[in-house]
Number of protein chains: 2
Amino acid sequence: MSDSTPTKTQQALLQTLTPVLACNPGASLSEIAKQAGIGRATLYRHFASRDALVKAVAMDAIAAFDQATAEVKVQNLNAGDALLAFLQKVIPLGDRFHFLAIEPAAYNDPEIATAYARQLQELNAFITTLKQAGFIAVDVPKAWVTTAIDSLIWSAWSAVQAGDIAPNDAAALAYRTLIQGLGPLKS
Amino acid sequence: MSDSTPTKTQQALLQTLTPVLACNPGASLSEIAKQAGIGRATLYRHFASRDALVKAVAMDAIAAFDQATAEVKVQNLNAGDALLAFLQKVIPLGDRFHFLAIEPAAYNDPEIATAYARQLQELNAFITTLKQAGFIAVDVPKAWVTTAIDSLIWSAWSAVQAGDIAPNDAAALAYRTLIQGLGPLKS
DNA sequence: CTCAAATAAGACAAAATTGTCTCAGATATC
DNA sequence: GATATCTGAGACAATTTTGTCTTATTTGAG
């Protein structure tokens, strides 16, 4: 078990801290603590440094993504249903993945970069399954499918957060955009 | 004419500085200057402060977007062709709009917020046109179309930048995802 | 109610960054 | 070649942020 496994208190803190950091990654620790409603000293009690906090938030995002993926896998759904179920689970985590993408301290960390690359590889394998099952056209570059999924997750999260679309509609809209948009061409 | 109209030298500097800032918005001015290949003193000679630089980059992004929009409009294309032409022009600017979205110093500035809201309104009007012309289904919330366009522009830019897709394919893939994905449902 | 554990405000030092200024060198113009 | 203008390195001061520590207060468990 890695020493980076968060304690129960760290876990609880991450719940509050993640949205604050995701919303304004450049904020000072004073500002972050204030918006999270805790003391700066408490931050230092549980996280050795700002970098340690950023890494914990990033690793937590990765764990949440893995959890969501595992929960979909055990359902043994067909590829299309699996995509919809996957979107339903990861869209509420949309801000965390965006944070992973834009925070240099996160994507430059070797442990996080390795985990992120693994997740990307798993997503690529899943896209292969979607193509083989005919949900995604074979002529669409896999790189495009990957980046479209990532960005539509962020879109959906943002729109829900802004109150522009209902939480229940988010996954369906993203699913429709992807499957209908990148499915086999129809004449 | 606003006093924020950039000088010729500022314009040239923005060309170099924009990608650097967009790539790492939290970098120090020392780091930014170094990566842009200029001196920190030169930055201060042309921009009064870090905030002034950030605002100049943001206003430049807005001007570039307005320019792209104007160039599409004069072509008097039908709604579908206009969307494709628009994507072709704005995808190369993808990092700038992303910067606008994630940089608090940018979106908290009233002048930039006003300009951005105007652009969003224009995009909304364009989406209405797309719906009326049957390119986008009327049942799709306008908010979803807007956010999908924004995020797919960023996706396309990222994928081109990473060398994952060819620059020529980017707009077509984004167009296909949007129009086929959000067009009227087919049975 | 008592006591142990946790928290947070604030003080402090160190480090990092911003902003100002000078001046030698580079560049552009005539 | 001379001169004006621009640039960038570096020094310096001010400000901000990080990280450490102490202590009073709060919270939670028994």
Side-chain angles (χ1 to χ4, degrees), chain A residues 3-60 99-100 102-109 111-112, chain B residues 3-60 99-100 102-109 111-112:
Chain A
D3 67 323
S4 62
T5 301
T7 68
K8 204 160 178 171
T9 315
Q10 279 177 333
Q11 208 84 55
L13 283 169
L14 287 173
Q15 209 77 4
T16 315
L17 291 162
T18 297
V20 174
L21 248 179
C23 180
N24 189 0
S28 67
L29 287 184
S30 294
E31 189 57 36
I32 290 163
K34 189 179 179 185
Q35 287 186 28
I38 66 172
R40 206 164 61 85
T42 303
L43 276 186
Y44 279 105
R45 174 166 296 102
H46 296 287
F47 303 98
S49 62
R50 183 193 177 95
D51 274 356
L53 170 62
V54 164
K55 182 171 175 176
V57 168
M59 292 303 292
D60 194 51
F99 174 75
L100 274 171
I102 67 170
E103 171 56 56
Y107 60 68
N108 285 333
D109 182 275
E111 189 180 352
I112 296 166
Chain B
D3 66 323
S4 63
T5 302
T7 67
K8 204 162 180 172
T9 314
Q10 281 176 331
Q11 208 85 55
L13 284 169
L14 287 173
Q15 209 77 6
T16 315
L17 291 162
T18 297
V20 174
L21 248 178
C23 180
N24 188 1
S28 66
L29 286 184
S30 293
E31 190 56 38
I32 290 165
K34 189 179 179 184
Q35 288 187 28
I38 66 172
R40 208 164 61 84
T42 304
L43 276 186
Y44 279 104
R45 180 167 293 106
H46 295 288
F47 302 98
S49 63
R50 183 192 178 96
D51 274 356
L53 170 63
V54 165
K55 183 170 174 177
V57 167
M59 292 304 291
D60 193 50
F99 174 74
L100 274 170
I102 67 173
E103 171 57 58
Y107 60 67
N108 286 332
D109 182 275
E111 189 180 351
I112 295 165

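Here is how names work: the chains are called A, B, and so on, in the same order as the sequence lines, proteins then strands, and each is numbered from 1.
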Student: So, is Thr42(A) close to the dA8(C) phosphate, meaning a side-chain N or O under 4.0 Å from OP1 or OP2?
Tutor: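 Affirmative; the distance criterion is met.
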
Student: Please report, rounded to the nearest Å, how far the C1' atom of dC6(D) is from the NZ atom of Lys8(B).
Tutor: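 About 16 Å, once rounded to whole Å.
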
Student: Does Tyr44(A) place a side-chain N or O at less than 4.0 Å from the phosphate oxygens OP1/OP2 of dT20(D)?
Tutor: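 Result: no.
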
Student: Find the distance His46(B):NE2 to dT20(C):C1' and express it as a whole number of Å.
Tutor: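 Between C1' of dT20(C) and NE2 of His46(B): 16 Å.
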
Student: Starting the side chain at C-beta, find the nucleotide from dT7(D), dA8(C), dT18(D) nearest to Thr9(B).
Tutor: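 Minimum distance to the Thr9(B) side chain belongs to dT7(D).
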
Student: Using atom CZ of Arg45(A) as one end and atom C1' of dG19(D) as the other, report the distance to the nearest whole Å.
Tutor: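 For the pair Arg45(A) CZ and dG19(D) C1', the rounded distance is 14 Å.
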
Student: CG of Leu29(B) versus P of dG19(C): gap in Å, rounded?
Tutor: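 Between P of dG19(C) and CG of Leu29(B): 7 Å.
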
Student: Could you state the CZ-P distance from Phe47(B) to dG8(D), rounded to the nearest angstrom?
Tutor: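 The answer, rounded to whole Å, is 13 Å.
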
Student: What I want to check is whether an N or O donor and acceptor connect the side chain of Arg40(A) with the base of dG10(C) at under 3.5 Å.
Tutor: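 Answer is no: no donor-acceptor pair is held.
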
Student: Work out which heavy atom in Leu13(B) is nearest to a heavy atom in Phe47(B); give both atom names and the distance.
Tutor: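 Smallest interatomic distance, heavy atoms only, reads CD1-CE1, 4.1 Å.
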
Student: Applying a 4.0 Å non-hydrogen cut-off, can you work out what Gly37(A) is touching in the nucleic acid: base, sugar-phosphate, or nothing?
Tutor: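 Sugar-phosphate contact only - Gly37(A) comes under 4.0 Å of backbone atoms but never of a base.
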
Student: Does Glu31(A) have more than 12 heavy atoms from other residues, nucleotides or ligands lying within 6.0 Å of its CD?
Tutor: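 Enclosed: over 12 neighbouring heavy atoms sit under 6.0 Å from CD of Glu31(A).
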
Student: How close or far is atom P of dT17(D) from atom NZ of Lys34(A), stated in whole angstroms?
Tutor: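 One finds 12 Å between P of dT17(D) and NZ of Lys34(A), rounded.
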
Student: For Pro25(A) versus Glu103(A), what's the shortest heavy-atom pair and its separation?
Tutor: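 Scanning both residues, the minimum pair turns out to be CB-OE1, 3.8 Å.
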
Student: Could you state the atom-to-atom distance from CG of Asp51(A) to P of dT18(D) in whole Å?
Tutor: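 So the CG-P distance, Asp51(A) to dT18(D), works out to 10 Å.
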
Student: Which atoms form the tightest heavy-atom contact between Ala36(A) and Leu17(A), and what is the distance?
Tutor: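 Answer, listing the atom of Ala36(A) first, then Leu17(A): CB-CD2, 3.7 Å.
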
Student: Report the distance from atom CZ of Arg50(B) to atom P of dT15(D), rounded to the nearest whole Å.
Tutor: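 Result: 19 Å.
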
Student: If you assign Ser49(A) and Leu13(B) each to the DNA chain D nucleotide with the nearest heavy atom, which residue ends up on the more 5' nucleotide?
Tutor: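 Nearest-nucleotide comparison on DNA chain D picks Leu13(B).
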
Student: Is it the case that over 12 heavy atoms from other parts of the model lie below 6.0 angstrom from the CD atom of Gln11(A)?
Tutor: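 Enclosed.
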
